[in-house]
Every structure is written in C-alpha cells, then in structure tokens.
Number of protein chains: 2
Amino acid sequence: MSKDTVRDKIVEAAKKRFSHFGYGKTTMAEIATDCGMSPGNLYRFFPGKLDIAEAIASEDYEAHLAQARKIALAPGKDARDRLRDLLFAELRRTYHKLEKDPRVLEMATQIGHERPQFINWMLANERTILVELMEEAEKRGEMIPPGDKEEIAEMIQSATMKFRYPQLWSKLSLAKLERELDGVLNLMFQGLCPHAGAAREETRKASHAVA
Amino acid sequence: MSKDTVRDKIVEAAKKRFSHFGYGKTTMAEIATDCGMSPGNLYRFFPGKLDIAEAIASEDYEAHLAQARKIALAPGKDARDRLRDLLFAELRRTYHKLEKDPRVLEMATQIGHERPQFINWMLANERTILVELMEEAEKRGEMIPPGDKEEIAEMIQSATMKFRYPQLWSKLSLAKLERELDGVLNLMFQGLCPHAGAAREETRKASHAVA
DNA sequence: TTTGTAAATAATCAACAAAGTATTCAGTCT
DNA sequence: AGACTGAATACTTTGTTGATTATTTACAAA
C-alpha cells in the first residue's frame with residue numbers, strides 16, 4: 001500500500017501515533033523520530049501537522065468513495081434502492097467509525113473545524129456520485145426526476161445533512177438514525193406526493209431486507 | 001404584558017440586562033438590585049440563572065408559536081403552500097433573530113448546550129403544529145400523505161434540520177438557505193416522485209430486479 | 001407561615017507564569 | 001544544488017492563583 005517514499009513513511013508513522021495516542025497527544029517530534037529524522041524535515045513534506053491528519057483522512061476517504069461509487073452504480077437495483085443503499089452505507093460507516101474510538105472523532109472534529117474546505121471537498125465528491133447515480137439511471141431508462149442533476153444532488157444532501165456526521169450534533173442511537181433516514185427517504189420518494197400510493201411500501205421493505 | 005408579580009419583575013429586569021450586556025456579563029446580584037431585592041431571593045423564584053434565560057426564551061417562543069399556528073392553518077392556501085410558508089417563516093425568524101445581535105445567539109447556544117430538553121420541547125411543539133396542519137388539510141378534503149401524522153412530522157423535521165438553527169452549524173447566507181429550503185421542499189413534494197403512472201411501472205421493474 | 005436577607009460556600013473565570021510544541025531558519029552534510 | 005539538522009522563535013496549552021459570581025443556608029422580619 002505505502003509507496004515507500006518519505007512522505008508515505010511520515011503518514012504511516014503518524015497514523016500509528018494518532019490512532020494510538022490521539023492527534024492532540026502526539027507531537028511532531030515524535031513522528032519525526034519514528035521516521036528517523038528531525039522535526040524540521042517534516043515540513044519539507046507537509047505544510048503542518050493538520051495536513052498530515054488530512055492526508056490520513058483523505059487516504060481513508062478515497063477507499064470509501066470507491067465503495068460508495070460501487071453501491072451507487074450497482075446492477076440489479078433501481079435508482080431508488082441504490083440511493084437508499086448509498087445513504088445507509090454512509091450513515092453506518094461514519095457512525096461506526098466515530099463510535100469505535102474517540103481518537104478518530106477527535107481528528108474529525110479538528111479537521112472539520114479548521115478545514116471547512118476539506119468537508120466541502122468530501123461533499124462535492126458525494127454529489128458527484130449522486131449525479132453519476134442519476135445519470136446511470138437515465139442510461140438504464142429508469143425514471144429520474146426532472147431538472148439539473150447537480151442541483152438535485154445538493155438538495156438530497158441538504159435533506160440528509162443530519163445523517164452525514166451523526167454524532168457531531170445529534171446524540172441519537174444508530175437504530176434511531178436509521179429509522180429517521182428511512183423515513184426521510186420515504187418522504188422524498190412518495191411521502192408528500194399522494195398519487196404514487198401505497199404500492200411502494202412493499203418493495204421498500206423488500207429492498208431494505210436485502211441491504 | 002407583565003403580570004406584575006415578583007417573578008415577572010425578575011424576568012423583566014433580566015431581559016433588560018441580558019439584551020444590554022449579554023447573558024455572561026450580567027450577574028445575579030445585578031438582577032437582584034434592579035428588582036430591589038437580595039441575590040438569594042431570586043432563588044425562591046428560579047432554580048438558577050439559566051432558568052431565567054429559559055423563561056425569557058420561552059415567553060418569546062410562545063408568541064412565535066401562535067404566529068406559526070396561524071400560518072399553518074391559514075385559509076385560502078393548500079397544505080403545500082402552508083407548509084412552505086411555515087418553514088420559511090421559521091427559517092427567517094431564527095436567522096434574523098440570531099443575526100441581529102450576538103447576545104441572543106449567546107443565550108441560544110447556552111440554552112441549547114445545557115438544556116437539550118428545552119430544544120426538544122420546541123421541536124415537539126413544532127411537530128404538533130405540523131400535525132395540526134395535516135389534520136386541517138384532511139378536514140378540508142385536501143390530499144395528504146398516508147401514514148401516522150406524528151411520524152411524518154418527525155421526518156419533515158429531520159429533512160429540514162439544517163434550516164432550523166441556521167448559524168449554529170452552517171455559515172450560509174439567508175439567500176442560500178432559502179434557495180436550499182425551497183429545493184428540499186420541491187424534493188419532498190415532487191422531485192423524486194415522477195408521475196403516478198410512471199411510478200407504477202417503475203415499481204414493477206424494481207420488484208423484478210430484486211427477485 | 002411567608003418573604004426576605006446576608007453571610008458562607010462552591011464553582012467558575014481571568015490573569016499570568018511556566019511548559020510544551022508547532023513551525024521556521026541559518027547552516028551542515030552529501 | 002538538494003536533503004536534512006537542530007537550535008531559535010512564536011504560538012498554544014497547562015497550571016496556579018486570586019478574584020468573581022452562582023448558589024446555599026442559617027437566620028430575621030412581616
């Protein structure tokens with residue numbers, strides 16, 4: 001995985017320290033000695049400490065993105081189910097990641113606070129996937145909503161904001177969050193649009209069981 | 001307005017101080033002398049300082065609730081428009097209230113942080129209004145979504161969470177927030193639910209694929 | 001008994017010094 | 001020149017102290 005370059009060695013060392021002792025409790029000096037170099041040299045590869053954390057986070061995030069894209073384009077499911085699977089996967093992933101250890105949460109809040117641009121980058125990536133999902137649906141001849149796809153993706157993100165960084169504002173259990181996300185999706189699919197009717201209910205349950 | 005009881009005198013004095021100097025910068029002693037009494041006596045009427053702030057907030061909030069209810073039940077508009085008006089009114093109200101002076105924001109964050117129950121009370125009140133809106137729609141013979149109304153109200157709140165305490169997490173302009181709220185409402189009303197006829201056909205395809 | 005006081009307590013805050021740490025840079029080594 | 005060092009700098013955190021201030025309580029007045 002690691003390309004054996006100096007930069008990667010730094011990232012690896014930092015990853016170990018951060019996950020062991022937390023972001024705040026590891027010093028640049030420690031990372032440096034772990035790499036057999038002086039603190040100053042780290043700055044030839046990263047502008048600052050937080051950028052090392054960002055590199056770790058984005059490395060992890062890229063892997064997640066690939067998986068998310070797979071879910072969004074999965075064959076054998078209609079757009080509705082793919083969207084549902086995608087959002088559920090993201091909810092579960094972040095929930096478990098932040099639940100497991102407070103060290104990850106510490107890094108996440110740190111980055112979220114000082115690097116809003118990083119968050120925006122992640123959101124933009126996810127919007128891209130949503131757009132791809134819709135384009136794929138179009139290609140397959142499925143029904144898709146009218147209008148600018150990029151904008152629709154933005155609105156989907158707005159409506160599901162609550163489920164994207166769960167424990168950063170709500171302290172709800174995963175079960176409760178899943179129930180709510182399910183409800184919000186139903187709202188978007190059929191809830192306030194009475195004509196579509198009760199026929200959907202059955203398929204929703206079926207696809208959910210599979211996911 | 002004030003019922004001229006001691007309790008109300010305290011609230012009035014505190015309101016002046018808080019809005020003048022902020023919550024943090026006014027002391028219980030000051031409020032007490034403004035009322036011509038000793039600090040200790042305040043505690044015969046309120047459990048603590050924050051409870052005075054809560055009293056002020058809830059007094060203000062009750063007025064807002066009445067207005068919100070009027071919007072939710074306004075004659076001459078269908079349920080869709082009433083819901084839109086309601087959510088826009090809440091967005092604008094809180095936005096302007098928090099934008100205007102940092103002292104209100106200070107109190108809001110303070111209460112929100114230490115008294116989650118108060119926030120829950122407000123959310124519950126708003127859900128009640130949403131339910132009333134739907135019941136009114138039913139009474140008028142308008143189309144309303146199927147299912148438990150209380151639950152639907154909860155889901156509407158989930159989907160519009162982002163717009164309820166705007167500047168507590170997003171730092172978006174009011175214009176942007178309004179644009180997004182509009183988009184989310186469109187999503188819920190029609191966006192991901194193409195025509196009824198098409199929806200039926202899509203259902204057929206989906207169940208085929210899943211099986 | 002009810003309404004209040006004011007002194008006592010405890011919790012929080014502000015100021016400031018002391019450490020500790022991120023970041024920089026002048027200079028060394030290859 | 002390019003890679004790196006380690007001491008110097010500047011920023012941030014931590015710890016401490018004294019003051020402020022919220023809250024309690026023992027007592028007094030009506």
Side-chain angles (χ1 to χ4, degrees), chain A residues 2-57 102-103 105-115 118, chain B residues 2-57 102-103 105-115 118:
Chain A
S2 48
K3 276 177 297 173
D4 199 28
T5 153
V6 178
R7 194 193 138 98
D8 291 326
K9 197 158 66 171
I10 295 173
V11 170
E12 285 306 311
K15 207 186 291 182
K16 279 199 191 100
R17 286 275 176 185
F18 288 166
S19 65
H20 246 333
F21 306 104
Y23 177 81
K25 289 294 185 194
T26 85
T27 69
M28 292 297 266
E30 288 165 344
I31 297 172
T33 48
D34 285 356
C35 298
M37 60 176 68
S38 72
N41 201 36
L42 294 176
Y43 292 84
R44 295 188 8 86
F45 300 91
F46 293 94
K49 186 181 177 184
L50 198 52
D51 298 274
I52 302 180
E54 231 187 71
I56 294 172
R103 286 167 274 262
L105 196 148
E106 183 199 3
M107 258 176 62
T109 32
Q110 195 71 231
I111 292 177
H113 196 266
E114 322 255 5
R115 297 283 161 86
F118 185 78
Chain B
S2 48
K3 275 177 297 174
D4 198 29
T5 155
V6 179
R7 195 194 135 99
D8 291 326
K9 196 159 64 170
I10 295 173
V11 170
E12 285 306 312
K15 207 186 293 184
K16 280 200 192 99
R17 286 274 177 187
F18 288 167
S19 65
H20 237 333
F21 307 104
Y23 177 81
K25 289 293 183 195
T26 85
T27 71
M28 291 297 265
E30 287 167 345
I31 296 173
T33 49
D34 285 356
C35 297
M37 59 176 68
S38 70
N41 201 33
L42 295 175
Y43 291 85
R44 297 187 8 85
F45 301 91
F46 293 95
K49 186 180 177 185
L50 198 52
D51 298 274
I52 303 180
E54 228 186 75
I56 295 172
R103 284 167 272 266
L105 197 147
E106 182 198 6
M107 260 177 58
T109 33
Q110 195 73 231
I111 293 177
H113 196 265
E114 323 255 4
R115 296 284 160 85
F118 184 78

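Every heavy atom of this structure was used, including side-chain atoms; hydrogens, water molecules and symmetry mates were not. Each chain gets a letter, A, B and so on, in the order the sequences are listed, and its residues count up from 1.
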To the nearest angstrom, how far is [X] atom [atom1] from [N] atom [atom2]?
| X | N | atom1 | atom2 | answer |
| --- | --- | --- | --- | --- |
| Phe46(B) | dG4(C) | CZ | P | 14 Å |
| Ile31(A) | dT23(C) | CD1 | P | 10 Å |
| Arg44(A) | dA3(D) | CZ | P | 5 Å |
| Leu42(B) | dT3(C) | CG | C1' | 13 Å |
| Tyr43(B) | dT9(C) | OH | P | 17 Å |
| Glu30(A) | dT21(C) | CD | P | 7 Å |
| Met37(A) | dT28(C) | CE | C1' | 17 Å |
| Leu50(B) | dT12(C) | CG | P | 13 Å |

Rounded to the nearest 0.5 Å, what's the gap from CE on Met28(B) to OG1 on Thr33(B)? Could you check?
-> 12.0 Å
When the nearest nucleotide of DNA chain D is assigned to Asn41(A) and to Lys25(A) on a heavy-atom basis, which residue is associated with the more 5' position?
-> Asn41(A)
Thr26(B) versus Glu30(B), closest heavy-atom pair with distance = CA-OE1, 3.3 Å
Among dA22(D), dG4(C), dT23(C), which is the nearest nucleotide to the side chain of Pro39(A)?
-> dT23(C)
Closest to side chain of Ser38(A), choosing from dT23(C), dT5(D), dA6(C) = dT5(D)
Are Asp34(B) and Lys16(B) within salt-bridge range, i.e. N to O under 4.0 Å?
-> no
Ion pair present between Lys15(B) and Glu12(B), side-chain N to carboxylate O less than 4.0 angstrom?
-> yes
Hey, does Gly24(A) reach any base, or is it just sugar-phosphate, or nothing, if we go heavy atoms under 4.0 Å?
-> nothing
